[in-house]
Peer 1: 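Mind looking over this structure? Questions follow.
As the structure is a computational prediction, the values presented were derived from the model and not from experiment.
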Amino acid sequence: MKYCRLLPISLSFCLALLVEHATASDQAPIWNPHTNRPLEKYDNPPAYIYRLDTSPRMISPQGAFVSYQVNVDAMGNNIVGDAANECSISVDPTDGNKMAIGWRQFNSVLSNFRQGGWGYTTDAGVHWTFPGVLEPGVFRSDPVTNSNETGTFFYLSLLGSLCENMYRSTNGGQSWTELQPDGDAGGGDKQWFTIDRTNGPGHGFQYQAWDVSTCSSSGSGQFSRSTDGGITWMTPIVIPNQAEFGTLDVDTNGNLFIGGEGNVNNVFYCIRSSNAQIGSQTPTFDQVTPVNMGGVLTGGTINPAGLDGQLFLAVDRSGTATNNNIYMLASVQPPGQTTTEVMFVRSTDGGLTFSAPLRVNDDANHQTKWHWFGTFSVAPNGRLDAVWYDTRNAANNRDSQLFYSYSTDAGVTWASNVAVSNAFDPSQGYPNQSKIGDYITIVSDATGGNVAYSATFNFNPNRGQQEEDVYYVRVFPGGQGPSPTPTPIVSPTPTPTASPTPTPTATATPTATSTPRPTPTPRSEPTPRPRPTPPPRS
């Protein structure tokens, strides 16, 4: 796609080339994200918006599950002509009705200039308010949100300089406070962060990691810590093996774990720091365990300019028999395969050893289908919830649906997969950038999971194609039908691999197609679903 950058050809022609590239999933090469790295940098100026058309917001039911559009205008309507993707959700653990989602907001598909968009809900995701962007007119990308145990939300946002800012909200995401001048939170591309919610010495500490494209241009500083709630950050230090494209979490003893894939060797790692919780000490990494995930991270085909997924690491803090289990899940390309699978591993000994990889997607012809953007979370009671995009039902092997599965036995078996969204074409509505982001997210509670994802259910008549928008859907066990029976996919065998080292709405049921869809038919508002308020987490 170099020609789209070098030759003075039309945008529509470039988009056509990109779509053609995206559909040739069997022939197109898959690039290595460590060597082919499209940076989140300013390259298009903001597009002038001549008009802002609207249409009814999308409510998209699929079986027992309902997706609600998040990026709506002040009247609760869809904004025609914009794009929104790469969404990260936070949930108030003291009141599950309150949630916030951050995303990359493109005011016009004519430009890939993006800003830090966000929306919030106070009725468990049925209605959303989109107040605007974090800093109008300022390029921002890679949104990552999180909540502490009292319901204070945080939003980590990447600038075009590859430096970052942390924002804080004390009112459920209705407004945000920038905690330092632009760029003074350090950082780098593909950053992620977590918060220590334990009662140990590191309580409230924030930890973040990013890839080798850094704010300082050093190419090595990949980890930092804040001991004052995200306001100031220590000088970055190097993560072993340059592990990147992963997430972080903290066990009940305050030990920090970082998951990632090595920048050079494409080996996954689980990396522990036992002393990051000691504010007077510079963090060191005292355990580095290579992990077999059954494949490698990829990009460049189903999501042409982006990742097919990243690595997610999460720790069980349920206080049950599975407490402090460490789990890792990713959409990876297995050896000899051109598509991706959702693979899962676990450690029951503090990250010293991990199980053999299990495949979570249960479709019969999985080797030829895409299972991408896999992500998961751990519920307070230890249940695991996983979601991903899946092309198993698509004749063109491109149209995707959000799929869901769960495990109640620490990932030994997984419930039958169920589609929780209608099909959508992820190659539609590109905002002059050929991807639908790099990830989606989920946060679980005692009875289900809260998912933020992007899809192309709305039709843009001005462009003759679907458009990218952000959606919320609640997933839960039982949506598969009566009494779903967990089915083991692979019998895991522990493999010691440790290497210690010192609003009015409308509804439509969209069908996957690249042709225009009819205007949604109005219906009455659904009644918000009350949910029990979960107890505060430790």
Side-chain angles (χ1 to χ4, degrees), residues 25 62-65 67 292-298 302 308-309 311-312 314 325 327-346 354-379 382-424 426 440 442 444 448-449 451 453 455 473-493 512:
S25 56
Q62 168 63 31
F65 308 96
S67 293
N292 175 17
M293 291 297 301
V296 297
L297 296 179
T298 61
I302 190 73
D308 298 328
L311 175 75
F312 286 86
N325 278 5
Y327 306 114
M328 296 167 63
L329 179 145
S331 290
V332 298
Q333 176 196 357
Q337 192 166 313
T338 59
T339 55
T340 50
E341 313 271 19
V342 179
M343 304 298 286
F344 169 86
V345 298
R346 74 183 183 281
F354 280 81
S355 66
L358 284 80
R359 178 171 51 86
V360 178
N361 53 283
D362 61 4
D363 46 329
N365 299 316
H366 58 93
Q367 296 95 336
T368 61
K369 295 295 185 175
W370 289 96
H371 315 88
W372 54 299
F373 274 18
T375 186
F376 83 112
S377 64
V378 185
R383 187 192 68 254
L384 307 179
D385 294 309
V387 292
W388 63 93
Y389 291 163
D390 197 306
T391 67
R392 70 179 68 182
N393 295 323
N396 61 10
N397 205 22
R398 180 183 68 243
D399 293 345
S400 300
Q401 292 174 277
L402 187 71
F403 266 71
Y404 168 61
S405 183
Y406 68 93
S407 174
T408 57
D409 58 7
V412 176
T413 60
W414 289 83
S416 300
N417 301 173
V418 60
V420 300
S421 85
N422 284 285
F424 63 93
I440 58 176
I442 179 173
S444 297
V451 183
Y453 73 105
V473 64
R474 181 165 176 82
V475 298
F476 48 87
Q480 293 88 337
S483 304
T485 302
T487 302
I489 301 190
V490 179
S491 298
T493 303

Peer 1: Please check this pair: side chain of S405 against backbone of A386, looking for a donor-acceptor N/O pair closer than 3.5 Å.
Peer 2: no
Peer 1: Side-chain contact test, heavy atoms from C-beta onward, threshold under 4.5 Å: evaluate it for V473 versus Y404 and give yes or no.
Peer 2: no
Peer 1: Which heavy atom in P334 sits nearest to a heavy atom in V332, and how many Å separate them?
Peer 2: CD-O, 3.3 Å
Peer 1: Apply side chain to side chain contact (heavy atoms under 4.5 Å, CB included) to residues S67 and Y453 and explain how you reach the verdict.
Peer 2: CA-CA 9 Å; S67 293; Y453 73 105; 2.5 Å; yes
Peer 1: Hey, is the main chain of H366 close enough, under 3.5 Å, to the side chain of T368 for a donor-acceptor pair?
Peer 2: no
Peer 1: Check S400 against W372 and note the closest heavy-atom contact, atom names and distance.
Peer 2: OG-NE1, 3.3 Å
Peer 1: Test of understanding: with salt bridge (Lys or Arg N to Asp or Glu O under 4.0 Å), list the residues that count as partners of D385, not counting sequence neighbours.
Peer 2: R383
Peer 1: Taking atom CG of D390 and atom CG of L402, what is their separation to the nearest 0.5 Å?
Peer 2: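 CG of L402 is found 9.5 Å from CG of D390.
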Peer 1: Run the ring-ring contact (aromatic ring centres under 6.0 Å, His included) test against F376 and tell me which residues pass, sequence neighbours left out.
Peer 2: none
Peer 1: Under 3.5 Å, is there a donor-acceptor pair between the side chain of Q401 and the main chain of S421?
Peer 2: yes
Peer 1: For the side chain of N396 and the backbone of D399, is there at least one donor-acceptor N/O pair under 3.5 Å apart?
Peer 2: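 At least one qualifying donor-acceptor pair exists.
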Peer 1: Taking the side chain as everything from C-beta on, heavy atoms only, tell me whether D363 gets closer than 4.5 Å to H371.
Peer 2: yes
Peer 1: Let me confirm one number: the CE-CE distance from M343 to M328, rounded to the nearest 0.5 Å.
Peer 2: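 It is 12.5 Å, given to the nearest 0.5 Å.
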Peer 1: By side chain to side chain donor-acceptor pair (under 3.5 Å), which residues pair with S377, not counting sequence neighbours?
Peer 2: S444
Peer 1: Going by ring-ring contact (aromatic ring centres under 6.0 Å, His included), name the residues that satisfy it together with F373, two or more places apart in sequence or in a different chain.
Peer 2: Y389
Peer 1: Is N397 close to W370 at the side-chain level, that is, under 4.5 Å between some pair of heavy atoms?
Peer 2: yes
Peer 1: Sequence neighbours excluded, which residues qualify as side-chain contact (heavy atoms from CB on, under 4.5 Å) partners of S407?
Peer 2: L384, D409, W414
Peer 1: Measure across G479 and F65 and return the closest heavy-atom pair with its distance rounded to 0.1 Å.
Peer 2: CA-CZ, 3.5 Å
Peer 1: If we only count heavy atoms from C-beta on, is the F403 to D362 side-chain gap below 4.5 Å?
Peer 2: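 No, too far: nothing below the 4.5 Å cut-off.
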Peer 1: Do N417 and R392 get their side chains close enough for a donor-acceptor pair, meaning under 3.5 Å?
Peer 2: yes
Peer 1: For G294 and P335, which heavy atoms make the closest approach, and how far apart are they?
Peer 2: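 Closest approach of G294 to P335, heavy atoms only: O-CD, 3.8 Å.
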Peer 1: Report the residues that fulfil side-chain contact (heavy atoms from CB on, under 4.5 Å) with A410, sequence neighbours left out, ordered by chain and then residue number.
Peer 2: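 side-chain contact (heavy atoms from CB on, under 4.5 Å) list for A410, sorted by chain: T322, N325, Y327, R346.
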Peer 1: Under a 3.5 Å threshold, yes or no: a donor from one side chain and an acceptor from the other, between D308 and T298?
Peer 2: yes
Peer 1: What is the distance from atom CZ of F344 to atom CG of L358, rounded to the nearest 0.5 Å?
Peer 2: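 Interatomic distance, F344 CZ to L358 CG, rounded to 0.5 Å: 7.0 Å.
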Peer 1: Would you mind reporting whether V451 and V420 have side-chain heavy atoms less than 4.5 Å apart?
Peer 2: no
Peer 1: Drop me the distance from R474's CZ to I442's CD1, to the nearest 0.5 angstrom.
Peer 2: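 The CZ atom of R474 sits 9.5 Å away from the CD1 atom of I442.
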Peer 1: Would you say the side-chain atoms of T391 pair up with the backbone N or O of K369, donor to acceptor, closer than 3.5 Å?
Peer 2: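 No, the answer is negative, given that no donor and acceptor are paired below the 3.5 Å cut-off.
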Peer 1: Looking at every non-hydrogen atom in both residues, tell me the closest pair between V345 and P357 and how far apart they are.
Peer 2: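 The pair with the smallest heavy-atom distance is CG1-CA, 3.6 Å.
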